[in-house]
Number of protein chains: 2
Amino acid sequence: MRLVIARCSVAYRGKLAAHLPSAQRLILVKADGSISIHSDDRAYKPLNWMNPPCSITESTDDEGLPHWLVRGKGGDELEITIEELVSDTAHDLGVEPGLQKDGVEAHLQALLAERCEVIGAGFQLVRREYPTDIGPVDLLCRDTEGIAVAVEVKRRGEIDGVEQLTRYLGFLNKDPRLAPVRGVFVAEQIKPQAKVLAADRGISCVEVDYDELRGIESSELRLF
Amino acid sequence: MRLVIARCSVAYRGKLAAHLPSAQRLILVKADGSISIHSDDRAYKPLNWMNPPCSITESTDDEGLPHWLVRGKGGDELEITIEELVSDTAHDLGVEPGLQKDGVEAHLQALLAERCEVIGAGFQLVRREYPTDIGPVDLLCRDTEGIAVAVEVKRRGEIDGVEQLTRYLGFLNKDPRLAPVRGVFVAEQIKPQAKVLAADRGISCVEVDYDELRGIESSELRLF
DNA sequence: TAGTTTATTTCGCCC
DNA sequence: GGGCGAAGTAAACTA
């Protein structure tokens with residue numbers, strides 16, 4: 001990993017055109033071949049960058065200033081003119097063992113599969129990831145009257161999720177062994193516009209609390 | 001901007017839980033109060049981070065190792081245990097003049113709003129970002145016969161955009177002052193599948209050239 | 001390898 | 001400040 005602190009100007013020409021006037025910035029060159037240019041704000045997002053694979057050509061211009069030309073795929077170009085070099089260091093960091101994550105949508109779906117009465121009183125799970133021609137439905141349940149219920153689980157409920165569930169319902173209702181199938185949209189938070197669309201499509205909405213669900217799971221575990 | 005190279009372990013507890021085993025990494029502390037932890041790969045994305053505003057508390061643990069506790073909003077916590085400090089430097093970068101972008105959807109939409117006859121001969125703009133219960137339509141126009149036309153603008157025309165326009169048309173057609181409303185899908189490039197779906201929905205497709213549109217704008221400017 | 005879906009998405013705009 | 005759509009989205013997963 002190479003860290004360059006320098007006063008520089010940058011031009012990007014690729015999927016869009018962007019330009020950075022002269023200022024002091026951090027230029028970060030990683031071992032994976034990527035390059036990113038950071039200012040002292042915007043949190044972790046760089047101002048400009050190039051993803052690997054890309055080639056970096058360092059040269060010196062007419063006035064003796066370092067000049068980098070970075071070429072990425074698709075003809076993308078990043079042009080860096082260094083006007084004043086403050087610092088240029090490199091470190092060999094070695095291998096990255098990797099990040100462990102817990103608590104994403106997959107986990108929420110697993111919790112709901114085990115406690116599907118949270119979605120509706122008396123619901124019984126038929127199966128997780130119930131297959132259809134256009135992809136698997138998160139959960140397929142049956143309610144107290146034996147009616148099939150397709151459940152779409154999201155961490156954040158937005159309009160796309162309602163569309164997705166609508167498509168599944170269209171296909172599931174073609175199966176005479178299942179029809180009529182009703183839909184439930186489950187998420188930690190459901191946006192107002194998604195609720196409007198769901199109502200318009202006859203889909204019910206349920207908001208669940210992740211910590212509470214996990215709490216139920218924990219209490220259950222304590223019983224054994 | 002502070003740059004720390006160190007062997008460290010990291011734990012994040014917040015929107016999810018995540019853990020990083022011991023390895024050498026770059027810890028980037030920016031003037032905006034953000035912190036991010038980078039490995040030598042994954043391009044510009046850090047392994048862990050905390051967005052501003054957050055507070056960093058540096059202490060020393062039982063074994064004399066530096067220990068950082070970062071608290072963000074919503075009770076999020078980032079815990080960094082430094083096991084070996086390789087380098088710790090700081091630079092004052094000064095103000096960032098900012099990034100100029102050109103060629104994104106907003107610009108395309110603005111150009112089309114001014115020249116909506118490009119979408120259809122004789123089209124007149126009613127308004128940009130015309131509001132509906134499920135979100136704003138990019139452009140609402142009227143054609144030569146006074147029929148309302150909902151226009152969805154994308155940089156890349158894919159199936160999602162056709163779905164989006166279909167939803168808008170459904171809601172707009174409920175308004176007796178507008179109905180019947182027809183739809184036009186405009187993009188620099190429209191994928192074949194999106195064209196098929198649009199045709200199936202009675203939506204017309206128009207492909208426009210960004211440079212040409214900008215060219216028209218430039219020539220207009222030259223006249224004055 | 002290509003399409004699909006998620007993301008601690010982040011970011012910007014408008015209300 | 002909340003809601004919504006776009007992003008040079010990127011990254012992970014699956015068929």
Side-chain angles (χ1 to χ4, degrees), chain A residues 12-18 34 36 41-52 54 72-78 98-99 101-109 129 131 133-136 138 152-161 163-164 167 188-197 210, chain B residues 10-18 34 36-37 41-52 54 70 72-78 99 101-110 128-138 152-156 158-161 164 167-168 191 193:
Chain A
Y12 167 72
R13 289 175 295 274
K15 292 158 195 160
L16 55 68
S34 67
S36 52
D41 55 11
R42 300 193 173 214
Y44 72 73
K45 192 103 196 256
L47 297 159
N48 279 114
W49 67 93
M50 194 73 87
N51 289 333
C54 66
K73 43 190 169 183
D76 287 18
E77 278 185 4
L78 196 62
L99 182 69
K101 286 185 185 183
D102 182 27
V104 286
E105 183 191 304
H107 196 205
L108 183 60
Q109 193 201 104
E129 303 285 347
D133 289 347
I134 51 165
D138 286 338
E152 178 64 33
V153 180
K154 291 281 180 218
R155 219 157 52 81
R156 292 178 189 180
E158 299 181 27
I159 271 183
D160 280 1
E163 291 287 11
Q164 199 177 342
R167 289 195 297 270
E188 290 185 76
Q189 272 199 333
I190 301 177
K191 301 211 165 171
Q193 295 189 351
K195 287 182 184 173
V196 171
L197 185 65
Y210 178 77
Chain B
V10 184
Y12 168 71
R13 289 175 295 275
K15 292 157 198 162
L16 56 69
S34 66
S36 51
I37 295 144
D41 54 13
R42 298 188 179 222
Y44 70 73
K45 189 104 195 251
L47 296 159
N48 280 113
W49 68 92
M50 194 74 89
N51 289 334
C54 66
V70 185
K73 43 190 169 183
D76 288 18
E77 277 184 6
L78 196 62
L99 181 69
K101 284 187 185 182
D102 183 26
V104 289
E105 183 192 304
H107 196 204
L108 185 59
Q109 193 203 103
R128 268 177 80 177
E129 303 286 345
Y130 186 93
T132 78
D133 288 348
I134 52 166
V137 182
D138 285 340
E152 179 63 35
V153 180
K154 291 281 181 220
R155 216 157 52 82
R156 294 172 198 173
E158 297 178 28
I159 275 183
D160 278 3
Q164 197 177 346
R167 288 196 299 270
Y168 290 143
K191 296 204 171 173
Q193 292 185 346

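Throughout, a chain's letter reflects where its sequence line sits, starting with A, and its residues are numbered from 1.
Note on A:Met50: a base of the nucleic acid sits closer than 4.0 angstrom, heavy atoms only. Base contact: B:Tyr12 has a heavy atom under 4.0 Å from a base atom. Heavy atoms of A:Leu108 sit nowhere under 4.0 angstrom from any nucleic acid atom. At the heavy-atom level, A:Pro192 lies under 4.0 Å from the strands shown only through sugar-phosphate atoms. Residue-level contact check: A:Tyr210 touches neither bases nor backbone, having no heavy atom under 4.0 Å from any strand. Nucleic acid contact for B:Asn51: sugar-phosphate only, since backbone atoms but no base atoms lie under 4.0 Å from a heavy atom of the residue. Within 4.0 Å (heavy atoms only), B:Arg128 reaches no atom of the nucleic acid at all.
The side chain of A:Gln193 contributes an N or O atom lying less than 4.0 Å from OP1 or OP2 of D:dG5. For C:dT8, one of the phosphate oxygens OP1 or OP2 lies less than 4.0 angstrom from a side-chain nitrogen or oxygen of A:Lys101. The phosphate of C:dT10 has OP1 or OP2 within less than 4.0 Å of a side-chain N or O from B:Trp49.
Comparing D:dA7, C:dT6, C:dT8 by their closest approach to the side chain of B:Arg155 singles out D:dA7. Of the candidate nucleotides D:dA10, C:dT10, D:dA6, D:dA6 has the atom lying nearest to any side-chain atom of B:Gln164. Proximity note for B:Lys154 (side chain, C-beta onward) versus D:dA6, D:dA12, C:dT8: the nearest is D:dA6. Side chain of A:Lys191, nearest nucleotide from D:dC4, D:dA11, D:dT9: D:dC4.
In terms of position on DNA chain D, the residue among A:Ile159 and A:Leu78 whose nearest nucleotide sits closer to the 5' end is A:Ile159.
Here the P atom of nucleotide C:dT6 and the CG atom of B:Leu16 are 15 Å apart, to the nearest Å.
Taking the P atoms as reference points, C:dT4 lies 22 Å from C:dT8, given to the whole Å.
The base of C:dT8 sits within donor-acceptor range of the side chain of B:Asn48, with an N or O pair under 3.5 Å.
For the side chain to side chain donor-acceptor pair (under 3.5 Å) test, residues two or more places apart in sequence or in another chain that qualify with B:Asp76 are B:Tyr12.
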